[in-house]
Amino acid sequence: MQRRLSFLATLALTGALTLTACGSDDTDAPAKGSGEAPEVQTSPSASATSGRPVVELPSDVTYVFDWGSTGDPVKDAVLKDAEQRIKAVDMAIAEQDPLHEAYRFYFEGTAAAGSQRYIQEFVDHKARTTGVTRYYDASVTVHEDGTAALVYCEDQSKAFNKFLETGKTDVTPVTKNSYVVYASTLRKNTTGVWVTERLTSQRGSSKCRP
């Protein structure tokens with residue numbers, strides 16, 4: 001199994017996720033971990049202000065969201081809930097729980113089923129994510145029917161798979177497949193959360209490569 005790209009880029013595109021060598025790591029990045037259990041601090045609990053689950057991740061899992069504020073409150077809300085959805089999936093992976101309540105809070109429909117399979121793949125291989133993942137070039141379109149379309153890029157060149165039993169981090173060379181484009185459909189539910197209903201991705205996208 002090579003780095004998280006082999007799992008992530010096939011999320012919602014196929015039912016069975018394959019463990020192919022996709023090469024999307026920065027060879028200069030340090031291999032973190034020494035066999036310890038995931039450092040997830042607590043299970044999610046409801047936020048006092050929003051009802052959204054509190055997402056807490058291992059200290060070696062970090063993100064850079066390079067899309068800032070759009071100036072439109074609706075579009076900014078879509079981006080914010082997408083950020084939390086991304087983090088909640090990695091939390092479920094870290095806690096090795098394919099039915100984790102945190103990520104399920106942000107998913108419905110086919111995207112929910114796809115994310116469950118994706119998390120289960122990590123559980124089956126006793127692995128989780130580590131490193132830095134960057135998200136950028138986001139484009140949000142809000143439709144009159146109450147849905148929103150979100151397209152964005154992901155740079156996985158400094159994100160890795162970490163095996164829980166050995167603590168080994170799998171570091172592989174950066175390739176074009178380190179860069180992934182995502183297209184998602186979201187809908188604002190009755191509690192005011194922008195949940196992801198559909199999510200597709202393509203590795204090696206020229207749109208996302210530097």
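Quantities reported herein were computed from a predicted structural model and do not represent experimental measurements.
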Can you sort out the partners of K188 under side-chain contact (heavy atoms from CB on, under 4.5 Å), two or more places apart, ordered by chain and number? W194

Any chance the side chains of T70 and D72 put a donor and an acceptor closer than 3.5 Å? no

Does H100 use its side chain to pair, donor to acceptor, with the backbone of A102 at less than 3.5 Å? yes

Criterion salt bridge (Lys or Arg N to Asp or Glu O under 4.0 Å) on D81 and R52, from CA distance to verdict: CA-CA 9 Å; D81 280 337; R52 288 164 170 76; 2.9 Å; yes

Are R104 and D97 within salt-bridge range, i.e. N to O under 4.0 Å? no

Can you tell me which residue among D60, V61, V64, D155 is in a side-chain contact (heavy atoms from CB on, under 4.5 Å) with V132? V64

Minimum side-chain heavy-atom gap Q84-K87 below 4.5 Å: yes

Mind checking the CZ-CD spacing from R198 to E108? Nearest 0.5 Å is all I need. 11.5 Å

Pair listing, disulfide bond (SG atoms under 2.5 Å apart) test, anchored in residues 86-132, at least two apart: none

How close do G131 and F160 get, counting heavy atoms only, and between which atoms? CA-CD1, 4.3 Å

Check: E95 side chain, A92 main-chain N or O, donor-acceptor pair, under 3.5 Å: no

Indicate yes or no: at least one non-hydrogen side-chain atom of S115 is less than 4.5 angstrom from one of Y106. no

How many angstroms lie between atom CG of L186 and atom OG of S184, to the nearest 0.5 angstrom? 4.5 Å

How long is the straight-line distance from OG of S201 back to OH of Y182, given to the nearest 0.5 Å? 5.0 Å

Nearest atoms (heavy-atom pairs only) where V140 meets L150: CG2-CD1, 3.7 Å

Working to the nearest 0.5 angstrom, can you tell me the gap between I119 CD1 and I93 CD1? 5.5 Å

Spatial distance of atom OH (Y63) from atom CG (D66) [nearest 0.5 Å]: 15.0 Å

Tell me whether the centres of the aromatic rings in W67 and Y136 are closer together than 6.0 Å. no

Pair D170 + K162, salt bridge at N-O below 4.0 Å: no

Is any side-chain heavy atom of R128 closer than 4.5 Å to a side-chain heavy atom of L164? yes

May I have the step-by-step check of salt bridge (Lys or Arg N to Asp or Glu O under 4.0 Å) for R85 and D90, ending in yes or no? CA-CA 9 Å; R85 179 255 295 166; D90 276 342; over 6 Å; no

Would a 4.5 Å heavy-atom cut-off, applied to side chains only, mark Y135 and I86 as touching? yes

By side-chain contact (heavy atoms from CB on, under 4.5 Å) - contacts of V151 (at least two apart): V181, A183, K207

When you compare the side chain of L79 with that of Y152, does any pair of heavy atoms fall below 4.5 Å? no

Quick one, Q116 and L99 - any side-chain contact, counting heavy atoms below 4.5 Å? yes

Test item: E154 side-chain N/O and S178 main-chain N/O as donor-acceptor pair under 3.5 Å: no

Could you tell me whether the side chain of R209 and the main chain of G204 form a donor-acceptor pair under 3.5 Å? yes

Taking C-beta and beyond as the side chain, do F122 and P98 meet within less than 4.5 Å on heavy atoms? no

Separation of D76 CG from S69 OG (nearest 0.5 Å): 3.5 Å

